[in-house]
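A note on names: the letters A, B, ... follow the listed sequences, proteins ahead of strands, and every chain is numbered from 1.
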Amino acid sequence: MDADDTSNSPAEPSFPERVWEIVVAIPPGQVTTYGTIAAVLGNRRAARMVGWALSSCPEHVGEHAHRVVNRYGELSGGWSWGHPDIMRALLEDEGVQFVADYQVDLDRHLWVPPLQDNPEDSE
DNA sequence: GCTGTGACTGGGT
DNA sequence: CACCCAGCCACAG
């Protein structure tokens with residue numbers, strides 16, 4: 001059989017697709033980290049891919065991207081809005097508390113998405 | 001096709 | 001929390 005079969009549609013969600021699904025599922029007033037999303041997807045080391053996915057995400061996903069921060073709760077991708085202050089305003093508007101001008105209180109707003117179906121990653 | 005870079009993380013110091 | 005190092009994958013030059 002030929003390997004070129006574009007008519008086939010496995011409909012298998014790719015990595016960035018799953019990232020966007022989780023990002024848009026983050027409830028208001030809550031935040032999550034790149035590593036958490038990557039871990040739920042089954043690849044904790046894929047945190048970089050999460051960032052890449054968000055940097056190349058559709059506009060509707062960008063509406064939720066402000067709820068994604070790094071492991072220290074810092075607005076690492078704040079400049080993607082033109083200025084971190086914009087991202088901070090969005091989070092504060094949802095009731096998120098900050099321990100610094102550009103650092104959220106993870107101990108209070110850290111949200112963990114529901115584990116996906118990933119038999120792999122036994123760490 | 002190799003190299004550098006990146007919205008990252010974890011562990012050690 | 002800060003700095004250094006190593007691992008991870010995808011994309012741009």
Gap in Å between the two P atoms, one belonging to dC1(C) and one to dC8(B), rounded
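Those two atoms are separated by 16 Å.
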Whole-Å gap separating C1' (dG10(B)) and CG (N70(A)):
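So the two atoms are 13 Å apart, to the nearest Å.
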Quick one: closest heavy-atom pair of [X] and [Y], and the distance?
X      : Y       : answer
V68(A) : V23(A)  : CG2-CG2, 4.0 Å
A38(A) : A47(A)  : CB-N, 3.6 Å
V99(A) : V104(A) : CG2-O, 3.9 Å

Each nucleotide of nucleotides 1-13 of chain C classed B (base within 4.0 Å of a protein heavy atom), S (only sugar-phosphate) or -, in 5' to 3' order, makes S-----BBBSS--
Donor-acceptor pairs under 3.5 Å, side chain of residues 58-65 of chain A to any protein atom, not counting sequence neighbours: which ones?
residue, atom, partner, partner atom, Å
H64(A), ND1, V24(A), O, 3.4
H64(A), ND1, R67(A), NH1, 3.1

Can you check whether F98(A) reaches L91(A) side chain to side chain, under 4.5 Å on heavy atoms?
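The answer is yes, as the side chains (C-beta and beyond) meet within the 4.5 Å cut-off.
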M49(A) versus F15(A): any side-chain heavy-atom pair under 4.5 Å?
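Yes. Closest side-chain heavy atoms under 4.5 Å.
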Contacts to DNA chain B from residues 27-38 of chain A, heavy-atom cutoff under 4.0 Å, which residues?
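Under 4.0 Å from DNA chain B: T33(A), Y34(A), G35(A).
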Using a cut-off of strictly less than 4.0 Å between a heavy atom of the residue and any atom of DNA chain B, enumerate the qualifying residues of residues 78-98 of chain A by number.
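Listed by number, they are S80(A), W81(A).
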Pairwise side-chain hydrogen bond (donor to acceptor under 3.5 Å, both in side chains) hits with a residue in residues 78-89 of chain A, at least two apart
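Every side-chain hydrogen bond (donor to acceptor under 3.5 Å, both in side chains) pair that includes a residue of residues 78-89 of chain A, provided the two are not neighbours, is D85(A)-R88(A), R88(A)-E92(A).
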Q30(A): which residues meet the side-chain hydrogen bond (donor to acceptor under 3.5 Å, both in side chains) condition with it, sequence neighbours left out?
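If we apply the side-chain hydrogen bond (donor to acceptor under 3.5 Å, both in side chains) test to Q30(A), skipping adjacent residues, there are no hits.
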Taking only residues two or more places apart in sequence, or in another chain, which ones meet T32(A) in a side-chain hydrogen bond (donor to acceptor under 3.5 Å, both in side chains)?
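Expected list: none.
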Strictly by salt bridge (Lys or Arg N to Asp or Glu O under 4.0 Å), give each pair with a member in residues 22-35 of chain A just once, sequence neighbours left out.
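Checked against salt bridge (Lys or Arg N to Asp or Glu O under 4.0 Å) - neighbours excluded - no pair reaches residues 22-35 of chain A.
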Tell me, which pairs form a salt bridge (Lys or Arg N to Asp or Glu O under 4.0 Å) where one or both residues lie in residues 96-110 of chain A, sequence neighbours left out?
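Of all non-adjacent pairs touching residues 96-110 of chain A, none passes salt bridge (Lys or Arg N to Asp or Glu O under 4.0 Å).
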For P113(A), which of V40(A), I26(A), L41(A) qualifies under side-chain contact (heavy atoms from CB on, under 4.5 Å)?
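Only one option passes, and that is V40(A).
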Please work out the stems of DNA chain B from pairs that are Watson-Crick or G-U wobble with both distances under 3.5 Å, keeping only runs of three or more consecutive pairs.
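So the stems come out as B:2-6 with C:9-13, B:8-13 with C:2-7.
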Which Ile, Leu, Val, Met, Phe, Trp or Tyr residues join V112(A) in one cluster when any pair of side-chain heavy atoms under 4.5 Å counts as a link?
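Besides V112(A), the hydrophobic cluster comprises nothing; the residue is isolated.
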